[in-house]
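Worksheet for the structure shown next.
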Amino acid sequence: MKKTLAFAFMALMTLTTSNIMAQQKIVQTAGHDALGEFAPEFARLNDDMLFGEVWSRNDLLSLRDRSLITVISLVSQGITDSSLQHHMQNAKKNGITRTEIAEALTHNAFYAGWPKAWAAFRIAKEVWADDVNGDDAMAEFQRSMIFPIGQPNTAYENISRDAASSLAYRANRYPLPTSLLNPDAATTVIYITRRKAEARCSLASPAAAGIRKRENPRRRYFPALSYTSRPM
């Protein structure tokens, strides 16, 4: 019985010690620095209660998750002042990457509002700007964006010879209409469009019914094969 109690006591002490070791005390002085004289009680609640107690319970919820929750909460309320910038900097410090903040703000835009996301992206671009390495033009351009630039698409290089032969066969088997390759194709399209408009205007006349009965089906469904390029 004594051995069981001793073992239980040691297990409890080990668990408690591990929790204490995992917990990181957050020290915040922004409230006292900004409002220590004007609103001392508010400053105490901000520094000692909010950060000193709530944020310090990071053994129950990590600082990384708390930062992401705080950023999304501020953006949802439309708060895009220095407090959002401060919490975005903390989020970056606590491990939130450029890609993750971009995805989180995009997801939240559908629930909190599109303009709020636009305003938040402006600040996020500044906070995560130095995540892109390099001094070339591509790196400089990527630093001005919130979404990262992807890698070049080289999938076409994996096309087999059989597939390439099949594509060549189809191109020879089903060539484009000559009218589409004609330099005057634009004139042809304009001419056809004008003829169709004239035909619609003449449908009200008695002779239009007879004209439609004798209409060439090829001309009706394949106008490019019936009309040729004509100057306007």
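What you are looking at is a predicted structure, and each value in this text was computed from that prediction instead of being measured.
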Donor-acceptor list for residues 78-85 side chains, cut-off 3.5 Å, not counting sequence neighbours:
unit_1 : atom_1 : unit_2 : atom_2 : d
Asp81  : OD1    : Ser83  : N      : 3.1
Asp81  : OD1    : Ser83  : OG     : 2.5

Kindly list each side-chain donor-acceptor pair under 3.5 angstrom involving residues 107-117, sequence neighbours excluded, with atom names and distances?
unit_1 : atom_1 : unit_2 : atom_2 : d
Asn108 : OD1    : Ser76  : OG     : 3.4
Asn108 : ND2    : Ser76  : OG     : 3.3
Lys116 : NZ     : Ser76  : O      : 2.7

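Asn58 places no side-chain N or O within donor-acceptor distance of the main-chain N or O of Leu63, the cut-off being under 3.5 Å. Distance alone, capped at 3.5 Å, places no donor-acceptor pair between the Trp128 side chain and the Met88 backbone. At least one donor-acceptor pair closer than 3.5 Å links the side chain of Arg66 to the backbone N or O of Leu61.
Taking the charged nitrogens against the carboxylate oxygens, Lys92 and Glu100 have no contact shorter than 4.0 Å, which rules out a salt bridge.
The minimum heavy-atom distance linking Ala120 with Val75 is given by the pair CB-CG2, 3.7 Å. Taking every heavy atom of both residues into account, Leu105 and Ala124 meet most closely at CD1-CB, 4.2 Å. Of all heavy-atom pairs spanning Gly52 and Ser56, the tightest one is O-OG, 2.9 Å.
Gln89 places none of its side-chain heavy atoms less than 4.5 Å from the side chain of Asn94.
A single hydrophobic cluster is seen to contain both Leu68 and Ile123, as judged by linkage of ILVMFWY side chains at heavy-atom distances under 4.5 Å, directly or through other members. At a threshold of 4.5 Å between side-chain heavy atoms, the hydrophobic network of Ile, Leu, Val, Met, Phe, Trp and Tyr places Leu45 and Leu35 in two separate groups.
Atom CZ of Arg57 and atom NZ of Lys25 lie 11.0 Å apart (nearest 0.5 Å). Here the CD-CG distance, from Gln24 to Asp59, works out to 11.0 Å after rounding to the nearest 0.5 Å. In this structure, the separation between CG on Asp47 and CD on Glu53 is 12.0 Å, given to the nearest 0.5 Å. Note that CZ of Arg64 is 3.5 Å distant from CD1 of Ile96, once rounded to the nearest 0.5 Å. Atom-to-atom distance recorded for Leu60:CG and Asp65:CG is 12.0 Å, nearest 0.5 angstrom.
A donor-acceptor contact closer than 3.5 angstrom links the side chains of Thr29 and Asp33. For the residue pair Asn90/Ser67, the side-chain donor-acceptor check at 3.5 Å is not satisfied.
Relative ring orientation between His86 and Phe51 is described as perpendicular, the plane-to-plane angle rising above 60° on a 0-90° scale split at 30° and 60°.
Under the salt bridge (Lys or Arg N to Asp or Glu O under 4.0 Å) criterion, Arg44 pairs with Glu41, not counting sequence neighbours.
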